[in-house]
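Residue numbers start at 1 and run along the sequence shown. Keep in mind that the numbers below use all heavy atoms, side chains included, and drop hydrogens, waters and symmetry copies. All of these numbers come straight from a predicted model, not from anything done at the bench.
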Amino acid sequence: MHSYIINASIQIVPIVRDKHPYEWVDEAIAIIQQSGIKYKVGPFATVIEGTYADVMRVIDDVNEYLYQKGCEEWISNVQIQIRSGGDITGDEKTAKHELH
């Protein structure tokens, strides 16, 4: 895959009873924060941005963390946008909607 910037959203939906699902989500967000990749936490998903390899690594790291820490079950909703000929950023897609 190319090395242009792509963006993705990842939403973790824990299906658990061991603790409040938000606690698992907070731990997943911490993995994203520690990755060094550009991110923005939203109320339903977290948007991440970087090269294809970096974005996929972070998605894998989140799922691996949940597995290793014993999360019983979860859904990972992932959307990825890739542009073949150049970068695609979240800012590019949302700039016209920002408050001025």
Practice task
Taking the side chain as every heavy atom from C-beta outward, state whether Ile82 and Met1 have any atom pair closer than 4.5 Å.
Solution key: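 They are in side-chain contact.
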
Handout entry: Note, Val16 side chain near Cys71 side chain (heavy atom, < 4.5 Å)
Key =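 A side-chain contact exists here, since the closest heavy-atom pair is under 4.5 Å.
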
Starting from [Y], can I reach [X] by hopping between I/L/V/M/F/W/Y residues whose side chains sit under 4.5 Å apart?
| X | Y | value |
| --- | --- | --- |
| Ile31 | Ile37 | yes |
| Val41 | Ile10 | yes |
| Val78 | Val47 | no |
| Tyr4 | Met56 | no |

To the nearest 0.5 Å, tell me how far [X] [atom1] sits from [Y] [atom2].
| X | Y | atom1 | atom2 | result |
| --- | --- | --- | --- | --- |
| Asp54 | Ile5 | CG | CD1 | 8.0 Å |
| Trp24 | Lys19 | CH2 | NZ | 4.0 Å |
| Tyr39 | Ile32 | OH | CD1 | 9.0 Å |
| Ile75 | Ile12 | CD1 | CD1 | 10.0 Å |
| Ile48 | Ile80 | CD1 | CD1 | 8.0 Å |
| Gln33 | Asp26 | CD | CG | 9.0 Å |

Problem - Short side-chain to backbone donor-acceptor contact, Gln79 and Ser9, under 3.5 Å - result: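 Side chain of Gln79 to backbone of Ser9: no pair is present.
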
Can you name the closest pair of heavy atoms from [X] and [Y] and give their distance?
| X | Y | answer |
| --- | --- | --- |
| Ala45 | Gln11 | CB-CB, 4.0 Å |
| Glu49 | Thr89 | OE1-CA, 3.3 Å |
| Val55 | Ala8 | CG1-CB, 3.8 Å |
| Tyr67 | Trp74 | N-CH2, 3.4 Å |

Practice task
Using side chain to side chain contact (heavy atoms under 4.5 Å, CB included) as the criterion, point out the one residue from Val25, Val62, Ile29 that pairs with Thr46.
Solution key: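 The option that passes is Ile29.
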
Handout entry: Qualifying salt bridge (Lys or Arg N to Asp or Glu O under 4.0 Å) pairs with a residue from residues 80-95, counting only residues at least two apart or across chains
Key =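 Qualifying pairs, neighbours excluded: Lys38-Asp91, Arg83-Glu92.
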
